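One structure is given below, encoded as C-alpha cells.
Bear in mind that the values here come from a model prediction, so they are computed numbers and not experimental data.
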Amino acid sequence: MPEVKFPFISASHLILFKDDRVLLSRRFQTGWKDGYYSVIAGHIDGKETVAGNMVREAKEEGNIDLIESALEVVHTMHRITDYGAEYMDFFLVPKTWSGEPTIMEKDKCDDLHWFLINELPENTVPYVRSAIENVQKGITFSEWREN
C-alpha cells in the first residue's frame with residue numbers, strides 16, 4: 001500500500017486590476033473572516049486545473065468571464081492556517097476579461113468594489129494583502145503562517 005502523503009488544500013485567487021485599482025469582495029456570513037475584503041477565490045475541485053477553477057469561480061462569484069489561456073499565475077503562496085490546514089494558493093491575473101463585476105452570491109458577499117491598489121481597506125484579509133503587495137513587487141512565491 002502506498003504511503004499516504006500530507007494533504008495540501010489548493011485554491012485559486014483572482015487579482016483583477018483596472019487602471020490603478022483592484023477588485024475586492026467583502027465576505028459575508030461564511031463563518032471565516034466575515035467583514036473582511038478578499039479577492040474572488042475558491043477551492044480547486046478534484047480533476048480541475050488552476051486556471052479552470054478560476055474561470056468557474058470568477059463567473060459564479062462575480063459574473064466575470066475569463067479564458068483559461070489568458071490567465072497567468074503571478075504568485076504562489078504556501079499558507080499555514082491557524083486552524084491547522086495548509087494551502088497552496090495560486091494568484092492569477094488575466095490578460096483579458098469581460099463582464100460587469102456583480103455580486104452573484106449574495107449569501108456570501110455583501111460588497112464588491114474597486115479599491116486603489118495602494119489604499120486597500122484595513123479589513124483586507126492579511127494573506128491576500130500580502131499576495132497583492134508581492135505581485136506588485138514581482139515576487140512570485142511566498143510563505144505565510146497565520147498566528
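- Using a 4.5 Å heavy-atom cutoff, the side chains of W32 and R27 are in contact.
- Atom CD1 of residue I139 and atom CG of residue N134 lie 4.5 Å apart, to the nearest 0.5 angstrom.
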Could you walk me through whether H78 and F8 pass the ring-ring contact (aromatic ring centres under 6.0 Å, His included) check?
CA-CA 9 Å; H78 172 208; F8 279 102; 5.2 Å; yes
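- Side-chain contact annotation: R26 with Y37, donor-acceptor N/O pair under 3.5 Å present.
- Legend: ring-ring contact (aromatic ring centres under 6.0 Å, His included) pairs involving residues 53-76, not counting sequence neighbours, sorted by first then second residue: H75-F91.
- For the pair P126 and K33, the tightest heavy-atom approach, listed with the atom from each and the gap, is CD-NZ, 4.5 Å.
- By the criterion of side-chain heavy atoms lying less than 4.5 angstrom apart, applied directly or through intervening Ile, Leu, Val, Met, Phe, Trp or Tyr residues, W97 is grouped together with L112 in one hydrophobic cluster.
- Side-chain heavy atoms closer than 4.5 Å link hydrophobic residues (I, L, V, M, F, W, Y) into clusters, and following such links, possibly through other members, connects F17 to F115.
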Go through T76 and T140 one step at a time and tell me if the side-chain contact (heavy atoms from CB on, under 4.5 Å) criterion holds.
CA-CA 6 Å; T76 304; T140 59; over 6 Å; no
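- Between M77 and Y87, every side-chain heavy-atom pair lies at or beyond the 4.5 Å cut-off.
- V55 approaches I67 most closely through the heavy-atom pair CG2-C, 4.2 Å.
- The structure places CD of E86 at 10.0 Å from CE of M88, a figure rounded to the nearest 0.5 Å.
- Note on V128: it does not cluster hydrophobically with V50, by side-chain heavy-atom contacts below 4.5 Å among ILVMFWY residues.
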Salt bridge (Lys or Arg N to Asp or Glu O under 4.0 Å) between R79 and E146, intermediate numbers included:
CA-CA 8 Å; R79 178 169 51 100; E146 295 176 353; 3.6 Å; yes
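- Sorted by first and then second residue, the ring-ring contact (aromatic ring centres under 6.0 Å, His included) pairs involving residues 121-147 (not counting sequence neighbours) are H13-Y127.
- Salt-bridge check for E3 with K5: passed, with a basic side-chain N closer than 4.0 Å to an acidic carboxylate O.
- Distance check: N147 CG to T81 OG1 gives 11.5 Å after rounding to the nearest 0.5 Å.
- Here the straight-line distance linking atom CD1 of I44 with atom OG of S12 works out to 5.0 Å at 0.5 Å rounding.
- Listed here is the closest heavy atom pair of E61 and A41: OE2-O, 2.5 Å.
- For E48, the side-chain hydrogen bond (donor to acceptor under 3.5 Å, both in side chains) partners at least two apart in sequence or on another chain are N53, R56.
- Neither M104 nor F28 shares a network with the other; the hydrophobic side chains, linked directly or stepwise wherever heavy atoms of I, L, V, M, F, W or Y lie under 4.5 Å apart, form separate groups for each.
- Side chains of L92 and I15 form no contact here, defined as non-hydrogen atoms less than 4.5 Å apart.
- Not a single donor-acceptor pair under 3.5 Å links the side chain of T30 to the backbone N or O of D34.
- L24 places a side-chain heavy atom less than 4.5 Å from the side chain of P121.
- The minimum heavy-atom distance linking I9 with A85 is given by the pair CD1-CB, 3.8 Å.
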Quick one: do L23 and K18 satisfy side-chain contact (heavy atoms from CB on, under 4.5 Å)? Show the steps, please.
CA-CA 8 Å; L23 186 67; K18 181 176 164 184; over 6 Å; no
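- For CD1 of I80, the number of neighbouring non-hydrogen atoms (other residues, nucleotides, ligands) closer than 6.0 Å is greater than 12.
- Minimum interatomic distance between Y36 and V125 (heavy atoms only, all atoms of both residues): CB-CG2, 3.7 Å.
- Looking at heavy atoms from C-beta onward, L66 lies in side-chain contact with L71 at the 4.5 angstrom threshold.
- Residues I132 and I117 form a side-chain contact, since some pair of their non-hydrogen atoms from C-beta on lies under 4.5 Å apart.
- In terms of modelled atom types and a separation under 3.5 Å, the side chain of N63 and the main chain of K59 share no donor-acceptor contact.
- Judged by distance alone, the side chain of T102 and the main-chain N or O of E100 form a donor-acceptor pair under 3.5 Å.
- Linking ILVMFWY side-chain heavy atoms closer than 4.5 Å, directly or via other members, places I40 and V74 in two distinct hydrophobic clusters.
- Taking 4.5 Å as the limit, some side-chain heavy atom of P94 sits within range of a side-chain heavy atom of L14.
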